[in-house]
Amino acid sequence: MAQISLTFPDGNARDYAAGVTPAEVAASISKSLEKKAISASVDGAHWDLQWPIDRDAAIAIHTLADDGPALELIRHDLAHIMARAVQEIWPDVKVTIGPVIENGWYYDFDRAEPFTPEDLGEIEKRMKQIIAAREPVRTEVWPREKAVAHYEANGEPYKVELIDAIPGDEPLRMYWHGDWQDLCRGPHLQHTGQVPGDAFKLMSVAGAYWRGDSSRAMLQRIYGVAFKNRDDLKAHLHMLEEAAKRDHRKLGREMDLYHMQEEAPGQIFWHPNGWSIYTTLQDYMRRQQRAGGYVEVNTPQVVDRKLWEASGHWDKYQEHMFIVEVDEEHAREKAVNALKPMNCPCHVQIFNQGLKSYRDLPLRMAEFGSCNRYEPSGALHGIMRVRGFTQDDAHIFCREDQIEDETKRFIDFLSEIYRDLGFENFRVKFSDRPEVRAGSDETWDKAEAALKNATIAAGSEFELNSGEGAFYGPKLEFVLTDAIGRDWQCGTHQVDFVLPERLDATYIGADGAKHRPVMLHRAVLGSFERFIGILIEEHAGKLPFWLAPRQVVVASIVSEADEYVHEVVAKLQKAGVRAEADTRNEKINYKVREHSVGKVPVILAIGHREVEERTVTVRRLGEKQTEVQTLDAIVGALSAEATPPDRRD
RNA sequence: GCUGCUGUAGCUCAGAGGUAGAGCACUCCCUUGGUAAGGGAGAGGUCGAGAGUUCAAUUCUCUCCAGCAGCACCA
């Protein structure tokens, strides 16, 4: 029999008979490895312990000691075990797919009755029985017809559809967990007992469309999480609890930032504290934009449909627009208007006033543009996804050959702002041409290359979002993550060849002829609303001092100190610090607790001693330690801290 | 928008076919207390909206609205 050579991760190689399985390889190394082995990698491909190897290869045996492929396999098999448990309890449930996801897996089922939380408990119990039974996993490769016939006979239409979607030359693998059978490309465990029975948990059930298509059946998706041991599971559940405490919707209430109510779904009632954050951020952005070479403009909210027809929004975006029709009773002419969902068409109107020269380009036109979009009800989420919001929007009108420079310049601009706001790390997604698009391939080639080159030149790495570009041009998205791990697009930078054409924007080139400018749509924060939500979650409510709505509370310990408290507050306010007095008839403990919950960064406590010595006792949020400082010293220090980052030396 | 769940005092939540309760917050009184809740009293609710069943609905049914989770959407 032919010999093959297998190379181990440590660089050593050994010869085996061709057709050897990783299980046999593991056994040849040690009894304990044979027992602990979960799966293998063969030349980087994830390999079942029972699959033969018939060529020279690099091999690694995976155990649960390493987090990677072995844990993934556990999660994968748990998906099958869950599907089996469900079908054992409810034989008429139809099974579909169940992939591994971050921290666990899900499986989609078709069942008339909804799964209840009690059902989840029952499924989990049955899963534990299956694991305890150490059911063997075995596999067979089936001809396509046999598999289709099997699933048709068993009334599993989803599986038949899945088989249809598998390329004809790929072998169809059938797996059995005990008596229960599923279609799966593998690899798999050797038996169900390899799953740590106390390290998984079913989390939730929710609807999900079959094949992600909203025109197709709504299935029930059960989510589970799994880890290599019980401690990891507990740590994960604890992390979820901690994350829930950072939720901006909870902190927004505790910090008295804003509220929302039924009469205005998806819109925000900003309270004084929240509005303070908003305006502080806006002031900062305005300064940055000025320094960055932008001009600021402002454009109408309610605009005649004619403009939206010209821009193409009426056609492509109408269902997301608030349409405004004036009652004929009190209007002479009944015009149909729409609240602007975007600022771009209005900016082109400003660009189009008067003749523009190539000398005017690049023209960077910024607006804190209030937009209204009729977002689907299910998409609304706190202040992160709303129907009324304000973008830190700008459009750069430039020549094609300026795209790269402007892109690089923008990424630098955004990076500095994100750094100032406490985001050292953000992800960049690059979306290239979609199937349906405007403009020639040649133009797309140039635009894509310009974005890519600029991103690399700016020192950022990007993930490719293949085919996800806008129909009018490629784009970069700058993504931040919220407390619960959900991604939110904040910054964006998009090339647009179409709108200048549709709205007939031109400039006079050096050759004296009219030319079409390119538009770059760009935003750093995205929207103030979303960004503030992210900011709150990122900092768990403990905003950087300069952004905190109430920076200092000066709290009296005894009422004899009230006069001095007001003097301290006045001094701080004069020095540009947002300070308040708390002279209520409450104990200092009570005041400290209340303002700590409210995330006030600094509490200055004042009793007899401080009055006599003209000092304050400083307590910083999150610190138990206090510190006595003279009034002048603390006013100077806090005044410096209150200075926004762009104004510091 | 779709599936499921939820909606009771400002907040967090309990409750039941016979028109409601707790803690915190709020108001007043006592207390002047040294770093995460001092004590007492009081006030506060068309039980999300509408319709139906019933002698009687906040409770059961239906419709709608909003919120939550996920999916779809996010040009």
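Being a predicted model, the structure only gives us computed values, none of them experimental. All chains are named by letter (A, B, ...) in the order of the sequence lines, taking the proteins before the strands, and each is independently numbered beginning at 1.
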Where do N or O atoms of nucleotides 37-41 of chain B meet protein N or O atoms at under 3.5 Å, pair by pair?
residue	atom	partner	partner atom	Å
B:A37	N7	A:Arg593	NE	3.3
B:A37	N6	A:Arg593	NH2	2.4
B:A37	N1	A:Arg593	NH2	3.3

Using the [atom1] atom as the point on both nucleotides, what is the distance between [M] and [N], in whole Å?
N: B:A43; M: B:A22; atom1: P; value: 12 Å
N: B:G50; M: B:U58; atom1: P; value: 10 Å
N: B:A57; M: B:A20; atom1: P; value: 14 Å
N: B:U19; M: B:C26; atom1: C1'; value: 26 Å
N: B:G39; M: B:C5; atom1: C1'; value: 42 Å
N: B:G7; M: B:A14; atom1: C1'; value: 15 Å
N: B:U53; M: B:G67; atom1: P; value: 32 Å
N: B:A66; M: B:C24; atom1: P; value: 35 Å

Fill in: A:Phe397 ring center near A:Phe351 ring center (under 6.0 Å)
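Yes: the rings meet the under 6.0 Å criterion.
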
Using a heavy-atom cut-off of 4.0 Å across all strands, would you classify [X] as base, sugar-phosphate, or nothing?
X: A:Lys591; value: nothing
X: A:Arg619; value: base
X: A:Gly526; value: nothing
X: A:Ser204; value: nothing
X: A:Phe471; value: sugar-phosphate
X: A:Tyr223; value: sugar-phosphate
X: A:His313; value: nothing
X: A:Lys250; value: nothing
X: A:Thr617; value: base
X: A:Glu477; value: nothing
X: A:Gly212; value: sugar-phosphate
X: A:Ala379; value: base

Of all residues at least two apart in sequence or in a different chain, which pass the salt bridge (charged side-chain N to carboxylate O under 4.0 Å, His left out) check with [X]?
X: A:Asp487; result: A:Arg427
X: A:Asp432; result: none
X: A:Glu122; result: none
X: A:Arg516; result: A:Glu501, A:Asp504

When you get a sec, tell me which of [options] is the closest nucleotide to the side chain of [X]?
X: A:Arg249; options: B:G70, B:A69, B:A36; value: B:A69
X: A:Arg373; options: B:U32, B:C74, B:A72; value: B:C74
X: A:Ala605; options: B:G1, B:U35, B:U32; value: B:U35
X: A:Thr626; options: B:A69, B:U35, B:G1; value: B:U35

Worksheet item: Below 3.5 Å, does any donor atom in the side chain of A:Arg385 face an acceptor in the base of B:C73, or the other way round?
Response: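 Yes.
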
Worksheet entry | Any N/O donor-acceptor pair, A:Glu610 side-chain to B:G34 base, under 3.5 Å |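 Yes, the side chain and the base share a sub-3.5 Å donor-acceptor pair.
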
Worksheet item: Applying salt bridge (Lys or Arg N to Asp or Glu O under 4.0 Å), which residue pairs with at least one partner in residues 377-391 of chain A are found, sequence neighbours left out?
Response: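 Residue pairs passing salt bridge (Lys or Arg N to Asp or Glu O under 4.0 Å), neighbours aside: A:Glu375-A:Arg385.
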
Item to complete: May I have all residue pairs that pass salt bridge (Lys or Arg N to Asp or Glu O under 4.0 Å) and include part of residues 548-566 of chain A, sequence neighbours excluded?
Response: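 Residue pairs with at least one partner in residues 548-566 of chain A: A:Arg550-A:Glu580.
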
Worksheet entry | Separation between CZ of A:Phe430 and OG1 of A:Thr455, rounded to the nearest 0.5 Å |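 The CZ atom of A:Phe430 sits 7.0 Å away from the OG1 atom of A:Thr455.
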
Fill in: Distance, rounded to the nearest Å, where A:His259 contributes NE2 and B:G67 contributes P
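So the two atoms are 13 Å apart, to the nearest Å.
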
Item to complete: Calculate the interatomic distance between A:Arg584 atom CZ and B:C30 atom P; express it in whole Å.
Response: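 In whole Å, B:C30 P and A:Arg584 CZ are 18 Å from each other.
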
Worksheet entry | Heavy atoms from other residues, nucleotides or ligands near CD of A:Glu263 exceed 12 (cutoff 6.0 Å) |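 Buried by this count: over 12 neighbours within 6.0 Å.
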
Item to complete: Apply the ring pair (Phe, Tyr, Trp, His ring centres under 6.0 Å) test between A:Tyr278 and each candidate in A:Tyr258, A:Phe528, A:Phe389; give the one that qualifies.
Response: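 Testing each of A:Tyr258, A:Phe528, A:Phe389 against A:Tyr278, the sole residue satisfying ring pair (Phe, Tyr, Trp, His ring centres under 6.0 Å) is A:Phe528.
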
Discussion item. A:Thr615 vs A:Arg609, test: side-chain contact (heavy atoms from CB on, under 4.5 Å). Steps then yes/no.
Written reply: CA-CA 8 Å; A:Thr615 57; A:Arg609 221 160 42 224; 6.0 Å; no

Worksheet entry | 5' precedence on RNA chain B between A:Ser214 and A:Ile606 (nearest-nucleotide basis) |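 Nearer the 5' end of the strand: A:Ile606.
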
Item to complete: Assign each of A:Pro265 and A:Phe389 to its nearest nucleotide of RNA chain B by heavy atoms, then name whichever residue's nucleotide is nearer the 5' end.
Response: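 Result of the comparison: A:Pro265.
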
Just list the side-chain donor-acceptor pairs under 3.5 Å for residues 341-349 of chain A, sequence neighbours left out, or say none.
residue	atom	partner	partner atom	Å
A:Asn343	OD1	A:Lys340	NZ	3.1
A:Asn343	ND2	A:Gln391	OE1	3.1
A:Asn343	ND2	A:Asp393	OD2	2.8
A:His347	ND1	A:His395	ND1	2.8
A:His347	NE2	A:Glu367	OE1	2.7
A:Gln349	NE2	A:Pro345	O	3.1

Discussion item. Expected output check: what is the dot-bracket annotation of RNA chain B, where ( ) and [ ] are pairs inside the strand (brackets for crossing ones), | is paired with another strand, and pairs are Watson-Crick or G-U under 3.5 Å?
Written reply: (((((((..((((....[..)))).(((((.......))))).....(((((..]....))))))))))))....

Discussion item. According to ring pair (Phe, Tyr, Trp, His ring centres under 6.0 Å), does anything in residues 584-608 of chain A pair up with another residue at least two apart or in another chain? List the pairs.
Written reply: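 Applying ring pair (Phe, Tyr, Trp, His ring centres under 6.0 Å) to every pair that reaches into residues 584-608 of chain A, excluding sequence neighbours, yields nothing.
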
Item to complete: Using a 4.0 Å heavy-atom cut-off, write out nucleotides 2-13 of chain B from 5' to 3' as B (base contacted by protein), S (sugar-phosphate only) or - (no contact).
Response: BBS--B---SS-

Item to complete: Could you tell me which residues satisfy ring pair (Phe, Tyr, Trp, His ring centres under 6.0 Å) with A:His80, sequence neighbours excluded, listed by chain and number?
Response: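 Expected list: A:His76, A:His177, A:His188.
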
